[in-house]
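Written out below as structure tokens is the structure these notes cover.
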Number of protein chains: 2
Amino acid sequence: MGRKRTKSGKIRLAEVAELAGVSPITASRFFRNPEALSVAKRTRVESAAKELGYVPNLAARALASQRTEVIGVLIPSLTNNVFSDVLRGIYDASEGSRYSIQLSNTRYSILQEEKLLRLFLAQKPAGLIVTGIDQTTESRAMLEAADCPIVQIMEIGPDPVDMMIGFSHYDAARAAVAHLFEQGRRRIGFVGARMDPRVQRRLDGYVSAMKDAGLFEQRLVVTTATPTSVTLGGALFTDLLAREPDLDAVFCANDDLALGVLFECRRREIAVPDQIAIVGFNDLEFMASAVPTLTSVRTNRYEMGRTAATMLIEAIDGRRPEQAVLDLGFKVIERQSSTSRHSDSRPSTSGAGAANKMVALPSSHD
Amino acid sequence: MGRKRTKSGKIRLAEVAELAGVSPITASRFFRNPEALSVAKRTRVESAAKELGYVPNLAARALASQRTEVIGVLIPSLTNNVFSDVLRGIYDASEGSRYSIQLSNTRYSILQEEKLLRLFLAQKPAGLIVTGIDQTTESRAMLEAADCPIVQIMEIGPDPVDMMIGFSHYDAARAAVAHLFEQGRRRIGFVGARMDPRVQRRLDGYVSAMKDAGLFEQRLVVTTATPTSVTLGGALFTDLLAREPDLDAVFCANDDLALGVLFECRRREIAVPDQIAIVGFNDLEFMASAVPTLTSVRTNRYEMGRTAATMLIEAIDGRRPEQAVLDLGFKVIERQSSTSRHSDSRPSTSGAGAANKMVALPSSHD
DNA sequence: GTCGTTGCTGGTAGCGCTGTCAACGTTCCT
DNA sequence: AGGAACGTTGACAGCGCTACCAGCAACGAC
């Protein structure tokens, strides 16, 4: 066997081709478009590759073909549970495909995002997943000019770069407030931390709903730029109470804050929901087992990530989805913290998931 | 809104070199080893690159240099908060370096890990970060044969493949139990979910501590293969109570379970810590603001990720750390849930962080 | 029979960068 | 002064793969 190899003994496509008795280019085609080969050569190449344990050199492939099999993902945070769910969806969907995920963290900075975008695009990714719709003008221009499919995730807006999947944070917040109105609450505070664009839109939704009811007051809103945490929820709630002692409900921009508010209520011996109702956002797992169980707005984060990656891969492979913009909606999961005002807030059995009333709304966006 | 293909104004190294008035190879050196250039050429190349907005083509670099600038990271889960902290550390440390992170999720399966490892190694990564010390024989062999630095993270053991950073879960569990003994607890239950090797070692530590005190009983241990959650904590605790009504403390394999136990106690009107003490593991942020505040074993997850990546990058660049094995230790953070047996468990102000007694131990491993 | 057409295959020519080594000029040593 | 040693630079030759286009047989349409 006069098969020649690299000094490192690595198996190249040429070796596979030689063993299979075909030209390198035919062997190459086998890996990219097997249908283009005659059955005879296809099986020959296949068994040769298996026999030699051939693994393609991705760098060479990328260089020669001028494109990579990398999907770039830009998210604002690695810590936030919300994004870890989205990521899990993305990774799950990418598994089994030939694409690999390149993740970068913008740290909630659109300038950082722009920088990373430039870096990513220079490597000609097969596709891109970016968070939100608030890019810099420059980023926007780069995205429009990019010759790869792009999915914007986490929210939906009027002017997609390409594809888009998410829901209306504005509508979701309005729905949460509407639920509190239904429960007879009037003096509803808003607690928010790290006011990224999506949290800002939740605040906008809250404000509009309150104004519609003639109940809005600026002092009902407490926000901070600090990253969110459970502890911070308690602190912000403390501020809110000091400003507005007659508070009868709190809408929290996320579930960590809501949990912090719940603990702070317990500390202060404020009855939930009798004195104060609490509504969170995202419906993390723990909301259903808190005491009392905590109302929240459920968002389909895993599904969002999974669908985004699936749509993207389909688009890369030339099968564009019929719908470029997908609204995943949300659901207000009504639980004890905002409903049973005069009932026992400490039932002896777990109330988790027990006959939760679900209000599903497709979010309408302008 | 179609994707328009822009004529890629591809800036190559050659263009930069031309503008700078040097040869391509000199320009190339500027990016890899600037010190090797004279100051004059260095500044010339630098400004030329900036002016043209040059971004190197990683695929070409990888092909020509026969190595990539990719650090492979294998972790068991994307969902688990513990790993998102570690990841954040890894990403933070990699930022600014020229290495990029390639992440894959083994889903707690060592077979999946083996498969991914094979995939990673075929692309000649610059370095590898793997979770834990329980690889398959095959994986272990591949790791030993790999010609790149490797860091094992999350725990330490007697036989590192290369570098190792973590702590002894066994010792940490023993310390937690010792703390409960100190507080006068005797009938201490163990609650664990998804018994991965590290949780298993915590259980081993618990068992050994209990046996040393002559207090171990099998029925005090409740575990399940189910993935962990707050809700599950409540459910497992319910099981435990049914088996052992005289329980006076619970050591939870992680903080989510501990929070679930706390909520379940509240539901059942079991006083914490008066009737039952609770100790968690990892010291997630919310532990400090729960009511009562929850004792936990603090682990330096972010630091672990950060240090692992830093060590790895240094090793890749030829500067091996003096210590190949790093024990980051742990601390038992004593809070209300396990200490003030006869004091008020619901103070009117937040007890978070207030004079917590910290017991720091370097974990000793054999 | 000639001309496409289709299906499959192969040759050639790079993709953009870096490893290697040779060739400088300069400085330092003996 | 002669040579070695050093620091700096450039020419050349690929890295392993694929885009592009040409070739060729088999087939049908006119």
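Since this is a predicted model, take the numbers as computed values, not measurements. The analysis underlying the following values was restricted to heavy atoms, covering all of them including side chains, and did not include hydrogens, waters or symmetry mates.
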Taking atom P of dC15(D) as reference, at what distance in whole Å does atom CG of Leu13(A) sit? 14 Å

Count the heavy atoms of every other residue, nucleotide or ligand shown that sit under 6.0 Å from CD of Glu322(B), and state whether that count exceeds 12. no

Which listed nucleotide (dG16(D), dG19(C), dT18(C)) is nearest to the side chain of Arg67(B)? dG19(C)

I need the CG-P distance between Asn33(A) and dC8(C), as an integer number of Å. 10 Å

Does OP1 or OP2 of dC17(C) have a side-chain N or O of Ser28(B) closer than 4.0 Å? no

Side-chain N or O of Tyr54(A) closer than 4.0 Å to phosphate OP1/OP2 of dG16(D): no

Side chain of Arg32(A) only, please: which of dT9(D), dA19(D), dC15(C) is the nearest? dA19(D)

I'd like to know whether CZ of Arg67(A) has more than 12 heavy-atom contacts from other residues, nucleotides or ligands below 6.0 angstrom. no

Rounded to whole angstrom units, what separation is found between the CZ atom of Arg42(B) and the C1' atom of dT8(D)? 12 Å

Select base, sugar-phosphate, or nothing to describe what Ala36(A) touches, counting heavy atoms under 4.0 Å on all strands. sugar-phosphate

Of the candidates dT18(C), dC17(D), dG10(C), the side chain of Lys41(A) sits closest to dG10(C)

5' priority, DNA chain D, between Ala60(B) and Glu35(B) [closest heavy atom]: Glu35(B)

Ring geometry between Tyr108(B) and Phe83(B) (parallel below 30°, tilted from 30 to 60°, perpendicular above 60°): perpendicular

Can you confirm whether the side chains of Ser28(A) and Arg32(A) place a donor and an acceptor under 3.5 Å from each other? yes

Nearest-Å distance, NZ (Lys124(B)) to P (dC17(D))? 10 Å

Can you check whether Ser65(B) has a side-chain N or O nearer than 4.0 Å to OP1 or OP2 of dT18(C)? no

Tell me the interatomic distance from Leu63(A), atom CG, to dG16(D), atom C1', rounded to whole angstroms. 9 Å

Considering only side-chain heavy atoms of Ile25(B), which listed nucleotide, dG11(C), dT8(D), dT18(C), is closest? dT18(C)

Please pick, from dC15(D), dT18(C), dC15(C), the nucleotide with the shortest atom-to-atom distance to any side-chain atom of Gln66(A). dC15(C)

How many Å lie between CZ on Arg44(A) and P on dC8(C), as a whole number? 15 Å

Can you find a side-chain donor-acceptor pair between Ser23(B) and Thr26(B) that sits under 3.5 Å? yes

Glu15(A) atom CD is separated from dC15(D) atom P, nearest whole Å, by 11 Å

Donor-acceptor pair (no angle test) under 3.5 Å: Arg29(B) side chain, dG10(D) base: yes

The side-chain hydrogen bond (donor to acceptor under 3.5 Å, both in side chains) partner of Glu114(A) among Thr136(A), Thr137(A), Thr106(A) is Thr136(A)

Could you tell me whether the phosphate oxygens of dT9(C), OP1 or OP2, come under 4.0 Å of any side-chain nitrogen or oxygen in Ser38(A)? yes

Considering only dT9(C), dG19(C), dC17(D), which nucleotide approaches the side chain of Asn57(A) most closely? dC17(D)

To the nearest angstrom, how far is Phe30(B) atom CZ from dG10(D) atom C1'? 18 Å

Quick note, Arg12(B) side chain, CB onward, closest among dG16(D), dG10(C), dC17(C) is dC17(C)

